[in-house]
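Okay, structure first, notes after.
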Amino acid sequence: MWTGKFRGKDVVVASTAGHLYTLYTDENDYPTFSFSWGHRWVYEKNSKHLEKYYRVLEKLFPNAEYYVNACDYDIEGSVIGYNIIKHLGDTRRAYRMKFSTLTKEELSKALSNLQPLDWSNIESGLARHILDWLWGINVSRALMSVYEHLFGEKLVLSAGRVQSPTLLELLKRYIERETFVPKPTFTVSVRVRYGSREYSLTNAFEPFEKLDSAVRLAQSLRKTRKLVVSNVDKKVLSLEPPPPFNLTQLQLESAKLFGFSPAETMRIAEELYLDSLISYPRTNSEKIPQSIDNAKILRNLSSLPNLGAYASELLSRKLLSPREGAGEDPAHPAIHPTGYIPRKLGDGEAVLYELIVRRYLASFYPSARVEEVVYTMKEPGAGVLFKLVGRRVLSQEWLKVYHYRKIASVEVPTLRVGEELEISSVRSLKLYTRQPQLHSKASILKWMESSGIGTESTRAQIIETLFKRKYVRGKSIAVTNLGLRVARILSALFKEITEVELTREFERKLREVALGRVSRKEVVDEAIAKLGSKLEEVKKALSNSRGSELKVKFGLSIGSRCSVCGGDAVGREGGLHLCSLHLAAYQNLVKTYETWASRTNASFDDYSATLLKLSTTGRFVKDVIKYLMKRDR
DNA sequence: GCAAGGTC
């Protein structure tokens with residue numbers, strides 16, 4: 001709590017730490033549509049610490065002439081402050097402070113220019129909370145109940161607007177990889193000699209579908225034994241420095257460089273923030289506003305061992321405006337060092353702090369200059385093209401401080417158009433197409449951001465929820481049998497919650513609420529009506545049928561077992577009963593054989609035997625092949 | 001017990 005005077009009046013400032021109120025219900029069954037706002041520490045684990053913030057506010061409120069909500073100027077900030085004022089005070093004597101940076105000047109201006117409560121933000125924010133709660137709590141409860149009826153096991157399960165589409169995306173990628181069937185392609189690899197050195201050339205043509213084409217090209221190259229330079233393209237590329245980090249970019253970069261998960265990065269960044277070493281990390285901004293005194297921060301950083309020299313260099317070169325990225329955030333600037341010098345840091349903290357400082361420093365530097373020369377070569381009289389690419393860094397600039405990014409120099413000779421090079425080796429090669437990678441925590445975070453679901457503050461946590469529920473596992477994220485069952489139940493019964501489109505629909509409705517065209521009540525009532533009929537339908541089905549009938553009724557089974565694995569079969573193909581994964585694998589196996597047959601003269605047996613040997617063949621495909629081999633023996 | 005959103 002802080003006290004002071006502003007224009008002759010006593011001002012008391014007390015803080016909260018995020019939401020003090022949460023939605024809850026006393027009902028245990030579903031559907032449940034009766035909810036209220038209550039104290040968070042009563043209804044949520046790990047929120048005991050919130051009560052002390054509340055007790056301070058509770059003491060202050062009765063003595064105040066009026067109240068000012070000075071939370072971050074965004075929708076959640078409006079809801080956080082509104083709930084406190086509504087429960088402890090009187091919204092008719094309340095105002096909103098409107099600001100975008102936390103400088104003395106701007107806060108002072110905002111305080112002398114108080115706005116009425118921003119009802120449009122409050123109403124749309126409350127509606128967002130309620131919609132997420134109604135969908136999340138009700139579908140989660142229904143899911144647990146359906147799961148118990150179908151599989152006889154009582155488990156804590158969950159579904160939500162953000163977590164469920166994320167689970168489905170992980171499953172999609174998992175299926176793509178594990179039902180993948182590689183296809184053969186053919187190409188040639190060429191080396192040339194120039195002076196005393198040899199160079200490998202890059203192919204500027206797509207691999208061939210037929211072995212013949214590659215063999216013919218190889219034969220022809222062996223005969224002519226030379227390539228002629230047909231084009232020289234020399235240019236100087238300008239490589240811009242990266243902007244300072246927002247949270248997503250920090251999470252992606254630290255995953256790439258150090259293997260930290262997004263949640264780990266968040267935890268370490270939080271520590272650095274609480275130690276006053278970096279600015280607020282939960283930001284989407286990639287900009288440092290004018291109001292931040294970069295010169296002062298750089299002067300302070302110049303006493304850092306190792307990195308201080310770069311800060312001094314920037315000051316002496318008067319490079320004081322950092323590059324800006326596209327990311328915006330109304331409440332916070334991009335992540336940057338505060339200028340405080342750390343004493344002793346833990347391992348993770350030291351590594352992340354250095355990354356943030358280097359990134360901040362790099363953003364002030366001019367672009368690096370890289371000279372690139374591309375020689376295009378072809379067989380005399382023919383059109384097949386190869387490339388030889390050389391690269392040389394002319395000026396490092398930001399690359400020297402942001403040493404994580406390395407531009408490898410590639411030495412190549414100086415060649416003229418028309419010059420001939422002797423071919424030293426030609427090989428024809430068989431290549432196989434590669435399977436897609438499973439998602440990592442970093443790549444699924446990126447997917448969530450680009451799909452517009454979750455926020456800076458919640459994405460990493462929501463990914464951890466999927467792990468906690470045991471829907472997924474592994475560093476390369478695989479979906480468990482439980483995750484697959486949950487995804488299939490949700491897709492069959494509550495399709496909307498598995499799709500990113502639900503978020504878009506919420507956004508459209510909430511915009512209407514913010515514009516005052518539709519009331520919060522109308523939007524909530526509409527959701528209740530829609531969910532109510534759906535949930536009653538599911539509940540009725542559960543009370544009328546047994547597990548095995550239900551699976552058929554819900555479209556989760558055709559009433560038989562998968563010939564390959566014994567799981568619930570969902571379809572029949574080629575005389576087999578197949579579960580969803582083995583069905584997809586079987587279909588890919590049959591379909592891809594057409595491609596193989598057109599490119600090679602492999603029989604189906606040769607094809608199958610080769611696939612079993614290749615490590616890129618999906619495991620469900622291998623299961624199907626083994627089953628077919630055993631059956632036909 | 002279950003969401004997603006804040007923040008410590």
Side-chain angles (χ1 to χ4, degrees), chain A residues 15-32 35 37 40-41 43-54 69 71-84 121 124-148 154-167 247 266-276 280-283 329 331-332 448 452-466 468-469 471 486 490 494 496-497 502-503 506-507 510 527 531 535:
Chain A
S15 62
T16 174
H19 289 281
L20 291 187
Y21 293 84
T22 186
L23 288 167
Y24 75 97
T25 181
D26 291 325
E27 295 178 354
N28 292 315
D29 202 1
Y30 75 93
T32 178
F35 51 84
W37 289 93
R40 265 191 63 196
W41 59 94
Y43 299 100
E44 282 177 36
K45 278 192 265 185
N46 304 323
S47 52
K48 286 269 177 288
H49 63 286
L50 292 176
E51 190 174 354
K52 60 179 184 284
Y53 293 91
Y54 173 79
N69 178 3
C71 293
D72 286 347
Y73 194 77
D74 55 25
I75 289 181
E76 286 305 318
S78 295
V79 173
I80 292 169
Y82 165 79
N83 267 332
I84 293 170
N121 278 347
S124 107
L126 292 171
R128 203 278 310 150
H129 275 265
I130 295 166
L131 290 182
D132 272 334
W133 187 90
L134 287 170
W135 275 88
I137 300 298
N138 281 295
V139 175
S140 294
R141 288 180 178 183
L143 170 64
M144 286 183 257
S145 172
V146 169
Y147 191 90
E148 193 185 348
K154 236 185 154 101
L155 297 175
V156 174
L157 302 173
S158 61
R161 173 178 59 82
V162 180
Q163 64 171 264
S164 298
T166 305
L167 173 63
L247 181 59
M266 183 62 245
R267 186 188 57 72
I268 301 169
E270 180 85 40
E271 282 176 28
L272 293 171
Y273 166 65
L274 293 176
D275 289 345
S276 304
Y280 186 75
R282 290 184 192 91
T283 175
D329 192 313
H332 309 282
M448 291 168 84
I453 60 173
T455 69
E456 293 291 324
S457 308
T458 58
R459 285 181 205 121
Q461 273 178 37
I462 286 172
I463 294 168
E464 295 306 318
T465 300
L466 296 176
K468 195 168 95 191
R469 301 259 177 271
Y471 294 168
V486 165
L490 293 176
F494 303 98
E496 294 95 332
I497 212 167
L502 186 62
T503 296
F506 276 23
E507 285 166 351
L510 298 178
L531 274 165
L535 291 159

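Below, read A as the first sequence line, B as the second, and so on, with proteins coming before strands; counting in each chain starts at 1. Computed over heavy atoms, backbone and side chain alike; hydrogens, waters and symmetry mates excluded.
Residue-level contact check: A:Leu50 touches the bases, meaning some heavy atom is under 4.0 Å from a base atom. Residue-level contact check: A:Arg469 touches the backbone only, with heavy atoms under 4.0 Å from sugar-phosphate atoms and none from bases. Among the heavy atoms of the strands, none lies under 4.0 Å from A:Glu456. No engagement by A:Thr16 is indicated, since no non-hydrogen atom pair under 4.0 Å with the nucleic acid exists. A:Arg282 comes within 4.0 angstrom of a nucleotide base, judged by non-hydrogen atoms across all strands. If you check every strand for non-hydrogen atoms under 4.0 Å, A:Leu20 touches nothing. Heavy atoms of A:Asn138 sit nowhere under 4.0 angstrom from any nucleic acid atom. Among the atoms of the strands shown, base atoms are found under 4.0 Å from some heavy atom of A:Thr458. Backbone-only contact: A:Gln163 has heavy atoms under 4.0 Å from sugar-phosphate atoms and none from a base. Among the heavy atoms of the strands lying under 4.0 Å from A:Thr455 are primed sugar atoms or P, OP1, OP2 only; no base atom is included. Looking at heavy-atom distances under 4.0 Å, A:Phe506 makes no contact with the nucleic acid at all.
Taking the six-membered ring where tryptophan is involved, the planes of A:Tyr280 and A:Tyr273 are perpendicular, since the angle between them exceeds 60° and thus also 30°.
We find that CG of A:Leu466 is positioned 12 Å from C1' of B:dA3, with the value rounded to whole Å. Between the CG atom of A:Asn83 and the C1' atom of B:dG5 there is a distance of 12 Å, given to the nearest Å. Taking atom CG on A:Asp72 and atom C1' on B:dG5, their separation rounds to 13 Å, with Å as the unit. A:Leu157 has its CG atom 14 Å from the C1' atom of B:dA3, to the nearest Å. To the nearest angstrom, C1' of B:dC2 lies 11 Å from NZ of A:Lys45. Going from atom OH of A:Tyr471 over to atom P of B:dC2 covers 10 Å, rounded to whole Å. For the pair A:Asn121 CG and B:dG5 C1', the computed distance is 15 Å after rounding to whole Å. Atom-to-atom, CD1 of A:Ile463 to P of B:dA4 comes out at 12 Å; the value is rounded to the nearest Å.
Put simply, A:Arg161 has a side-chain N or O that comes within less than 4.0 Å of OP1 or OP2 on B:dG5. At B:dC2, none of the side-chain N or O atoms of A:Tyr24 fall inside 4.0 Å of OP1 or OP2 (strictly under the cut-off). Side-chain N/O atoms of A:Ser140 include none lying less than 4.0 angstrom from OP1 or OP2 on B:dA3.
Counting only heavy atoms from C-beta on, A:Val156 has its side chain closest to B:dC2 among B:dC2, B:dT7, B:dA3. Residue A:Trp133 has its side chain nearest to B:dA3 when only B:dA4, B:dA3, B:dT7 are considered. The listed nucleotides are B:dA4, B:dG1, B:dA3; the one nearest the side chain of A:Val162 is B:dA4. Nearest to the side-chain atoms of A:His129 among the listed nucleotides B:dT7, B:dA4, B:dG1 stands B:dA4.
The two residues A:Gly160 and A:Pro165 come nearest to each other via the heavy atoms O-CD, 3.6 Å. The two atoms that bring A:Trp135 and A:Ala527 nearest to each other are NE1-CB, 4.5 Å, heavy atoms only. Considering every non-hydrogen atom in both A:Ser158 and A:Leu143, the closest pair reads O-CD2, 3.7 Å.
Taking only distance into account, the side chain of A:Glu76 never meets the base of B:dT7 through a donor-acceptor pair shorter than 3.5 Å. A donor-acceptor contact under 3.5 Å is formed by the side chain of A:Arg141 with the base of B:dG1.
DNA chain B is contacted by both A:Tyr273 and A:Lys468; A:Lys468 maps to the nucleotide lying nearer its 5′ end (nearest heavy atom per residue). When the nearest nucleotides of DNA chain B are assigned to A:Gly454 and A:Met144 by heavy-atom distance, the more 5′-ward of the two goes with A:Met144.
By the 4.5 Å heavy-atom criterion applied to side chains, A:Ile75 and A:Ser124 are counted as neighbours. Contact check for A:Glu456 versus A:Thr283: no side-chain heavy atoms found under the 4.5 Å cut-off. A heavy-atom distance below 4.5 Å is not found between the side chains of A:Tyr21 and A:Leu50.
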